[in-house]
Amino acid sequence: DGGDSIGARSQRSRSSIGRASMGRGARGSRASSRSGSADDTASVQDLEQREAERTLAQAQARVVSAVIEYDGYLDEIKRITKSTVQAYRAARLHSQRQDSFDQLTAMLGPYLPARGGFTDWRGRDVKGMQSVTVRLVEAVVAWRKARMAAGLKPVTEGLPDPFIWNNVNVLARIPSALDFLGKIEELRHWYGTEYQFQGNPFSRACTLEERPVTPPSAMVTVILDDVPVEQVNQRLLEKRLEKQALVEVYDKKLHGAPSWWPDLGEREHMERLRAAEKVVLAEVYGPPPPPKSPRFGPGSP
């Protein structure tokens, strides 16, 4: 009996040691699993950060390319302007003068594809200053988003970061980039007194500062019986209609421009240009103040 007791105790002791070893092994496995999970998370975060930094570098390179394209095209416009003025002065017939500014006018507008049957400038693609400027603005906007994605803090809290090239804010100089055209008497005579050269970087019937704000929404969310419901707020609707009237006057002026002024472009181009105008205005005058949010609910107007 004594031997059996000693044997049983020995067996129980070995079983206890085995269970303890298994317990330590399980705890170690769980700890190792947690450590591995943390390492995996850190690894994913590192990969995401590197990808964000790579995207930022690409976005910055695209801005540089857009700036170089913009500067180069601006220089080309100045060169063509000189030759155009010379042709205008040398023209003896009115019909010859009519053709003098065609190339310059095309260059100030949107992109135009090459036209068949021509061996002069019309037989080549025309980049269009409108399109070149829009690409520059869009590149800066994409660069700003890439900076945020990479976790970089803004240079000035609450304001979008400026892109500085040769010690100049590339967006802030856009509004006055084509002001020099207003100093050319022949061009002023050809376009007429209604055309505004100052502050008109997109060469349209309306200057940059004439751009009306986008009409605000008249819809509000009201909680009824704990359920959010969208409905029209009369006071906001009145404000929207007021702003919409300004947009209609603006559009009428744009589309009523003389045929010898730069073109407006297709609908998609006009939408991109309008978005670019908003960015440039915010760069020069600061972002618009956020709209006030009055309380809405039962009984509100």
Side-chain angles (χ1 to χ4, degrees), residues 77 101-102 104-112 128-138 140-141 160 171-184 187-220 230-294 301:
I77 286 177
F101 289 109
D102 284 354
L104 175 61
T105 299
M107 292 178 68
L108 294 175
Y111 165 80
L112 292 175
M129 192 60 171
Q130 290 180 8
S131 299
V132 170
T133 306
V134 168
R135 282 198 293 272
L136 173 57
V137 175
E138 291 176 342
V140 173
V141 171
L171 294 187
R173 71 186 180 115
I174 287 177
S176 60
L178 297 178
D179 285 2
F180 72 93
L181 294 174
K183 299 178 181 179
I184 302 172
L187 188 58
R188 292 201 312 269
H189 178 266
W190 181 250
Y191 276 5
T193 57
E194 293 184 356
Y195 186 88
Q196 301 179 72
F197 290 94
Q198 303 298 310
N200 195 1
F202 294 103
S203 303
R204 308 210 296 173
C206 300
T207 63
L208 185 63
E209 292 187 8
E210 290 182 275
R211 179 193 186 276
V213 298
T214 302
S217 174
M219 302 301 295
V220 295
E230 294 285 329
Q231 62 180 224
V232 176
N233 178 271
Q234 187 61 36
R235 183 155 58 88
L236 293 183
L237 177 60
E238 293 174 358
K239 290 184 177 181
R240 176 175 175 80
L241 293 176
E242 178 183 343
K243 299 297 184 184
Q244 185 61 42
L246 296 177
V247 172
E248 292 174 358
V249 172
Y250 175 83
D251 286 342
K252 184 177 180 180
K253 184 177 180 180
L254 277 183
H255 292 279
S259 59
W260 57 89
W261 289 5
D263 291 337
L264 294 176
E266 301 294 335
R267 180 180 181 86
E268 180 186 358
H269 168 77
M270 293 183 64
E271 291 176 350
R272 292 174 60 195
L273 191 151
R274 178 167 172 79
E277 286 180 323
K278 183 177 181 180
V279 174
V280 175
L281 282 170
E283 191 72 21
V284 177
Y285 299 105
K292 295 182 179 179
S293 301

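We use all heavy atoms of the structure for the numbers below, so side chains are in, but hydrogens, waters and symmetry mates are not. Note that the coordinates shown come from a computational prediction; the quantities given were computed from them, not determined experimentally.
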Determine which pairs satisfy salt bridge (Lys or Arg N to Asp or Glu O under 4.0 Å) with at least one residue from residues 173-183, sequence neighbours left out, and list them in order.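 Qualifying pairs: D71-R173.
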
Residue pairs meeting salt bridge (Lys or Arg N to Asp or Glu O under 4.0 Å), one or both in residues 192-203, sequence neighbours left out, come to none

Can you name the side chain to side chain contact (heavy atoms under 4.5 Å, CB included) partners of [X], sequence neighbours left out?
{"X": "T214", "value": "R211, R274"}
{"X": "Y111", "value": "P113, D125, S131"}
{"X": "L171", "value": "V137, V140, R144, N169, I174, V279, E283"}
{"X": "E268", "value": "R272"}

Per-pair distances, 0.1 Å, donor-acceptor, side chain in residues 249-258, under 3.5 Å, sequence neighbours excluded:
from: Y250; atom 1: OH; to: R204; atom 2: NH2; distance (Å): 3.2
from: K253; atom 1: NZ; to: E210; atom 2: OE2; distance (Å): 2.9

- Item | 4.5 Å side-chain heavy-atom contact, S203 and L178 |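 Yes, their side chains come closer than 4.5 Å.
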
Check: Is there side-chain contact between P201 and T133, with heavy atoms separated by less than 4.5 Å?
Finding: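 No, side chains not in contact.
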
Please report the closest heavy-atom contact between [X] and [Y], naming both atoms and the distance.
{"X": "P110", "Y": "G265", "result": "CG-CA, 3.7 Å"}
{"X": "G199", "Y": "T207", "result": "O-CB, 3.5 Å"}
{"X": "H269", "Y": "L264", "result": "CD2-O, 3.2 Å"}
{"X": "Q130", "Y": "L273", "result": "OE1-CD1, 3.7 Å"}
{"X": "P175", "Y": "V284", "result": "CG-CG2, 3.7 Å"}

The criterion is salt bridge (Lys or Arg N to Asp or Glu O under 4.0 Å); which residues satisfy it with [X], sequence neighbours excluded?
{"X": "R240", "result": "none"}
{"X": "E266", "result": "none"}
{"X": "R188", "result": "none"}

For the [atom1] atom of [X] and the [atom2] atom of [Y], what is their distance to the nearest 0.5 Å?
{"X": "L181", "Y": "Q198", "atom1": "CG", "atom2": "CD", "answer": "9.5 Å"}
{"X": "K243", "Y": "L241", "atom1": "NZ", "atom2": "CG", "answer": "12.5 Å"}
{"X": "E209", "Y": "L281", "atom1": "CD", "atom2": "CG", "answer": "7.5 Å"}

Tested for ring pair (Phe, Tyr, Trp, His ring centres under 6.0 Å) against W261, the lone hit among W190, Y195, F202, F197 is Y195

**Short side-chain to backbone donor-acceptor contact, N233 and R235, under 3.5 Å** =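 Here the side-chain-to-backbone pair exists.
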
Residues which pass side chain to side chain donor-acceptor pair (under 3.5 Å) with Y191, listed by chain and number, not counting sequence neighbours =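 In terms of side chain to side chain donor-acceptor pair (under 3.5 Å), with neighbours along the sequence ignored, Y191 is linked to T105.
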
Residue set satisfying side chain to side chain donor-acceptor pair (under 3.5 Å) with Q244, at least two apart, ordered chain then number -> none

Taking CD in E271 as the centre, count heavy atoms belonging to other residues, nucleotides or ligands within less than 6.0 Å. Is the count above 12? yes

From the list L136, V141, V134, side chain to side chain contact (heavy atoms under 4.5 Å, CB included) partner of E138 resolves to V134

Next item on the list: Test E230 against V220 for side chain to side chain contact (heavy atoms under 4.5 Å, CB included), laying out the working first.
Entry: CA-CA 6 Å; E230 294 285 329; V220 295; over 6 Å; no

